[in-house]
Amino acid sequence: MSATWFDHAIATVAPRMAARRVMARQAFETLTRGYDGAARGRRTEGWRAPGSSADTEIGVAGALLRDRMRDLVRNNPHAAKAVAVLVNNIIGAGIMPRAASGDDTLDRKVDALFERWTAECDADGQLDFYGLQTLICREMVEAGEVLVRRRLRRTSDGLPVPLQLQVLEADFLDATKSGVLGAGRLVQGIEFDPVGKRRAYWLHAEHPGDAYGALQNGLQSRPVPATEIAHVYEKQRTQARGVPWGAPVIRSLRDLDDYEVAELVRKKTEACVTAIVFGDDEAQQGIAPSVVDADGNRVEQFEPGLIAYARGGKDIRFNQPVATGGYGEYKRASLHTISAGFRVPYELMTGDLSQVNYSSIRAGLVEFRRQIDAVQWQLFIPMFCAPVWRWFTEAAWAAGQIPSPTVPVEWSPPKFEAVDPQKDAMANLLSIRSGTMTLAEVIAKQGRNPDAVLAEIAATNAKLDGLGLVLDSDPRRVTKTGSAQSSDPANDDPAADADNDPAQADQQD
């Protein structure tokens, strides 16, 4: 900052004092400058931004957010579709494991055992392992969190592995359990030891919202060791519990619902009054019209086609409903906001592809697929898949079915459907030929087990060799070994070829 005339005047008699004045003024202005978002004034009046912890905020609002989001998913088609899109892309047909101990014999044995166990893993006896993944992911997105409890079974139960999984909604956590507990602490039903490690989950015996459970003292809770629970939720801060993924747009969804209802009611009201009969002079124009039925009784409920009569009415004027402009633009803008809050592309949530072309939708899906990939590998696999695999191998080892309680594993998430399958296939082929990817990696990207696929290819080739069949470069032709005949006689018939090739037909003529 430049010195003022007063500073120059002081400097003539006291230069050191003038310098201190200039430096102090510069320091003051530095302190007053900063982030505009942190400024206080008329424009930021009413902006509440408390510095509370994530656990404090979730403890106050978590249950209400969960209940409201569930209500929206039940009754709002856009919320339901957003949740479905996320679940379908994160889970799809299922995130599949593959034993990777390096011992082919052990790996095949563990994979076969896991495949048999998946059909019996649900404690409710309804879903398989991949169906449970869909249910768990849906609860994670819709309610913000979900609990999976390990249930060890007896050998006499006849299960392939004496283990089952019980899915519990977040409501089973006793949120009233908070405070100091010995040397540790309780945070909304989760017990931590002195070093901050999860030690137990305080669970209700029955769902608190179930009337029968409440009558049976289901509101009492007891601790379950944390080693028996897989707690699946998205950590956006260092919080102990999660919130619904659609929390940023709960109000937007509700406002859009209210707006559509208001528009519908307005249109219905306009359609109810067909015409109004007015008086023949100015004195009667101000008289409120009354609607009467055929018997002259007053009707106080509008219905389509009714005619309102003013007292002494002799002139009739027909109602002309006013066209509403901007409805489509407002709804489209609202849905863009809602899709952004759910982190789902607008086109996937609404099915509206009118504003995109091939290039734009392909480019737009890249970021969404990167997000899904991060959720799979950084959230769902570590929080759910990895604990379940550990429980499975421990139970199988305890039952004497495998030689070790720990078996390394590789997970294969579902593949993303190609917008242009031919281009993607050629890109994979070039990657394999250039050495930047292996065949096993490409197969795993398709959501399949590379070992199983290669074994299936080998078995198919062996069967073809046993039948004496050779696949031609043209996939439409299969020839018998040692024979010049084709499986399709038309392909070997020159006349047939001539029919397909006009130039060749001219030469023959």
Side-chain angles (χ1 to χ4, degrees), residues 91-123 125 127-134 136 148-166 225-230 232 373 376-415 432 435 437-463 465:
I91 302 300
I95 300 177
M96 302 180 182
R98 181 176 71 256
S101 66
D103 185 340
D104 292 341
T105 303
L106 176 61
D107 289 346
R108 286 195 297 270
K109 181 178 182 180
V110 173
D111 288 341
L113 184 61
F114 186 86
E115 187 66 24
R116 294 198 306 272
W117 175 74
T118 56
E120 305 289 342
C121 67
D122 184 11
L127 303 174
D128 64 1
F129 178 64
Y130 306 108
L132 287 180
Q133 287 185 1
T134 298
I136 291 164
V148 183
R149 184 174 181 180
R150 170 167 63 171
R151 290 293 193 178
L152 296 175
R153 305 305 187 193
R154 298 185 180 90
T155 307
S156 58
D157 291 334
L159 299 172
V161 174
L163 167 70
Q164 287 187 317
L165 306 176
Q166 182 183 17
T227 54
E228 304 296 309
I229 299 292
V232 187
D373 195 57
Q376 290 169 341
W377 289 103
Q378 299 175 10
L379 195 161
F380 200 82
I381 290 177
M383 286 188 166
F384 171 70
C385 296
V388 169
W389 180 264
R390 184 174 64 252
W391 294 344
F392 165 77
T393 56
E394 290 175 355
W397 171 75
Q401 296 174 307
I402 59 176
S404 173
T406 58
V407 178
V409 62
E410 293 179 355
W411 296 94
S412 297
K415 68 173 182 177
I432 294 174
M437 291 184 69
T438 65
L439 179 59
E441 287 178 313
V442 173
I443 295 174
K445 281 179 58 179
Q446 305 300 314
R448 301 191 63 188
N449 186 333
D451 295 334
V453 172
L454 294 176
E456 184 177 345
I457 293 173
T460 302
N461 291 338
K463 183 180 293 185
D465 292 341

*Asks:* Side-chain contact test, heavy atoms from C-beta onward, threshold under 4.5 Å: evaluate it for L132 versus V388 and give yes or no.
*Replies:* no

*Asks:* Rounded at 0.5 Å granularity, tell me how far CD in Q164 sits from CG in D157.
*Replies:* 7.5 Å

*Asks:* Q166 and side-chain hydrogen bond (donor to acceptor under 3.5 Å, both in side chains): which single residue from R151, R150, E228 fits?
*Replies:* R151

*Asks:* Specify the closest pair of heavy atoms between A119 and D128, including all atoms of both residues, with the distance to one decimal.
*Replies:* CA-CB, 4.2 Å

*Asks:* Can you tell if the side chain of W411 reaches within under 4.5 Å of the side chain of M96, non-hydrogen atoms only?
*Replies:* no

*Asks:* Using every non-hydrogen atom in the two residues, find where P97 and Y130 come nearest and quote the distance to one decimal.
*Replies:* CD-OH, 3.7 Å

*Asks:* Looking at Q133 and F380, what are the two nearest heavy atoms and their distance?
*Replies:* O-CZ, 3.7 Å

*Asks:* Taking all atoms of both residues into account, what is the closest heavy-atom pair of P162 and R154, and its distance?
*Replies:* CB-O, 4.2 Å

*Asks:* Check whether any side-chain heavy atom of P414 sits under 4.5 Å from a side-chain heavy atom of I95, and report yes or no.
*Replies:* yes

*Asks:* Indicate the atoms forming the closest heavy-atom contact of V161 with A395, along with that distance.
*Replies:* CG1-CB, 3.6 Å

*Asks:* Of all residues at least two apart in sequence or in a different chain, which pass the side-chain hydrogen bond (donor to acceptor under 3.5 Å, both in side chains) check with R390?
*Replies:* none

*Asks:* State the CH2-SG distance between W391 and C121, to the nearest 0.5 angstrom.
*Replies:* 12.0 Å

*Asks:* Please tabulate, one pair per line, all N/O donor-acceptor pairs under 3.5 Å involving side-chain atoms of residues 401-410, not counting sequence neighbours.
*Replies:*
| unit_1 | atom_1 | unit_2 | atom_2 | d |
| --- | --- | --- | --- | --- |
| Q401 | NE2 | P160 | O | 2.7 |
| S404 | OG | T406 | N | 3.3 |
| S404 | OG | T406 | O | 3.1 |
| E410 | OE1 | R98 | NH2 | 2.2 |

*Asks:* Are side-chain heavy atoms of I443 and T438 found at a separation under 4.5 Å?
*Replies:* no

*Asks:* Check each of L106, V110, T105, D111 against R108 using the side chain to side chain contact (heavy atoms under 4.5 Å, CB included) test, and report the only one that passes.
*Replies:* T105

*Asks:* Please round to the nearest 0.5 Å and tell me the distance separating atom CD1 of I136 and atom CD1 of I91.
*Replies:* 8.5 Å

*Asks:* Do other residues, nucleotides or ligands put more than 12 heavy atoms under 6.0 Å from the CH2 atom of W397?
*Replies:* no

*Asks:* Is R153 close to L163 at the side-chain level, that is, under 4.5 Å between some pair of heavy atoms?
*Replies:* no

*Asks:* Look up atom CD in E456 and atom CG in N461, then write down how far apart they are to the nearest 0.5 Å.
*Replies:* 10.5 Å

*Asks:* Which pair of non-hydrogen atoms, one from L127 and one from G131, has the smallest distance, and what is that distance?
*Replies:* CD1-O, 3.7 Å

*Asks:* Please name all residues satisfying ring-ring contact (aromatic ring centres under 6.0 Å, His included) with F114, sequence neighbours left out, ordered by chain then number.
*Replies:* W117, F129, W389, F392

*Asks:* Measure the shortest side-chain to side-chain distance between V442 and I432 over non-hydrogen atoms and say whether it is less than 4.5 angstrom.
*Replies:* yes

*Asks:* Kindly indicate whether the side chain of P413, heavy atoms from C-beta on, has any atom under 4.5 Å from the side chain of Q376.
*Replies:* yes

